[in-house]
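In what follows, a single structure is set out as structure tokens and then discussed.
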Amino acid sequence: MRIVFLPETLVYFNRLADILYEQGYFSFKDSSLKYVDDLLEDIRLHLHSKVKKPAPGYFEKYGHNLLYAVFPKNNTTFWYIFFNIYRQNGELVYLIRYVSNNHVIAQYL
């Protein structure tokens, strides 16, 4: 199994630590960096074992036939990872196309 991130999803993760720090979700930059690193690690280690659901039509702009999985990080924040699954040379490849959280996209799910 392999996890591949589209370039724009990697840009989002790179910017996410800054956003969380600048908006006051974390008091220290190192804390926001650790949060993002932990989220990425959780995705890499557990995406394959998560419940996968078909993404609603609203998310077709990020790719066709998307699936999504939920990654809860605390009592109020859930991260939604949107992806496709391919088989390449016998190996499953998870292509991460879009990432967001319940504070931004809950109304579309």
Side-chain angles (χ1 to χ4, degrees):
M1 176 201 65
R2 192 168 42 135
I3 307 284
V4 178
F5 294 85
L6 285 181
E8 50 268 32
T9 59
L10 290 176
V11 167
Y12 176 76
F13 280 115
N14 286 334
R15 181 77 180 107
L16 182 58
D18 292 331
I19 292 167
L20 294 172
Y21 175 70
E22 290 165 4
Q23 292 186 0
Y25 291 103
F26 292 94
S27 300
F28 300 100
K29 185 75 176 258
D30 287 346
S31 299
S32 64
L33 288 168
K34 181 173 178 2
Y35 179 88
V36 172
D37 286 345
D38 289 347
L39 177 58
L40 282 166
E41 186 70 9
D42 198 13
I43 294 165
R44 286 184 185 111
L45 293 177
H46 302 287
L47 179 59
H48 73 281
S49 63
K50 291 283 189 175
V51 173
K52 297 154 192 62
K53 298 179 182 178
Y58 173 83
F59 298 98
E60 284 286 311
K61 59 187 169 186
Y62 301 108
H64 298 290
N65 301 314
L66 289 179
L67 300 171
Y68 75 96
V70 182
F71 288 80
K73 292 310 282 180
N74 57 47
N75 289 338
T76 60
T77 303
F78 297 83
W79 288 94
Y80 295 88
I81 310 305
F82 295 84
F83 57 94
N84 294 109
I85 302 174
Y86 300 97
R87 186 168 295 278
Q88 185 177 43
N89 299 325
E91 178 182 37
L92 283 180
V93 177
Y94 290 75
L95 178 61
I96 311 298
R97 293 183 165 275
Y98 180 67
V99 178
S100 193
N101 65 41
N102 59 300
H103 303 289
V104 177
I105 63 167
Q107 69 271 26
Y108 303 113
L109 293 171

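Hydrogens, waters and symmetry mates are skipped; everything else that's a heavy atom, side chains included, is used.
When all heavy atoms of V70 and K50 are compared, the closest pair comes out as O-NZ, 3.3 Å. Nearest heavy-atom pair, R87 versus L92, reported as atom, atom and distance to 0.1 Å: NH2-CD2, 3.5 Å. Scanning both residues, Y68 and L109, for their nearest heavy atoms gives CZ-CD2, 4.1 Å. Across all non-hydrogen atoms, the minimal contact from A17 to S32 is O-OG, 3.1 Å. Considering all non-hydrogen atoms of both residues, R44 and M1 come closest at O-CE, 4.0 Å.
Using modelled atom types, no side-chain atom of N84 and backbone atom of I96 make a donor-acceptor pair closer than 3.5 Å.
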With a cut-off of 3.5 Å and sequence neighbours excluded, list every side-chain donor-acceptor pair involving residues 5-16.
from: T9; atom 1: OG1; to: L6; atom 2: N; distance (Å): 3.2
from: T9; atom 1: OG1; to: L6; atom 2: O; distance (Å): 2.6
from: N14; atom 1: ND2; to: L10; atom 2: O; distance (Å): 3.3
from: R15; atom 1: NH2; to: E22; atom 2: OE1; distance (Å): 3.4

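Crowding of K73 atom NZ: a count of heavy atoms from other residues, nucleotides or ligands under 6.0 Å exceeding 12. For Y21, the OH atom counts as loosely surrounded, since its 6.0 Å shell holds 12 or fewer non-hydrogen atoms of other residues, nucleotides or ligands. Few gaps surround NZ on K29; more than 12 heavy atoms of other groups in view lie less than 6.0 Å from it. With a 6.0 Å radius and a threshold of 12 heavy atoms from other residues, nucleotides or ligands, H103 has its NE2 atom above the threshold.
Checked for salt-bridge contact, K34 and D38 meet the test: a charged N lies under 4.0 Å from a carboxylate O.
Taking Y58 as the reference, Y108 meet the ring-ring contact (aromatic ring centres under 6.0 Å, His included) condition, with sequence neighbours excluded. Under the side chain to side chain donor-acceptor pair (under 3.5 Å) criterion, D37 pairs with no residue, sequence neighbours left out.
Note: F83 and Y94 meet the aromatic proximity criterion, with ring centroids under 6.0 Å apart.
Here the CD atom belonging to E60 is positioned 6.0 Å from the CG atom belonging to L66, to the nearest 0.5 angstrom.
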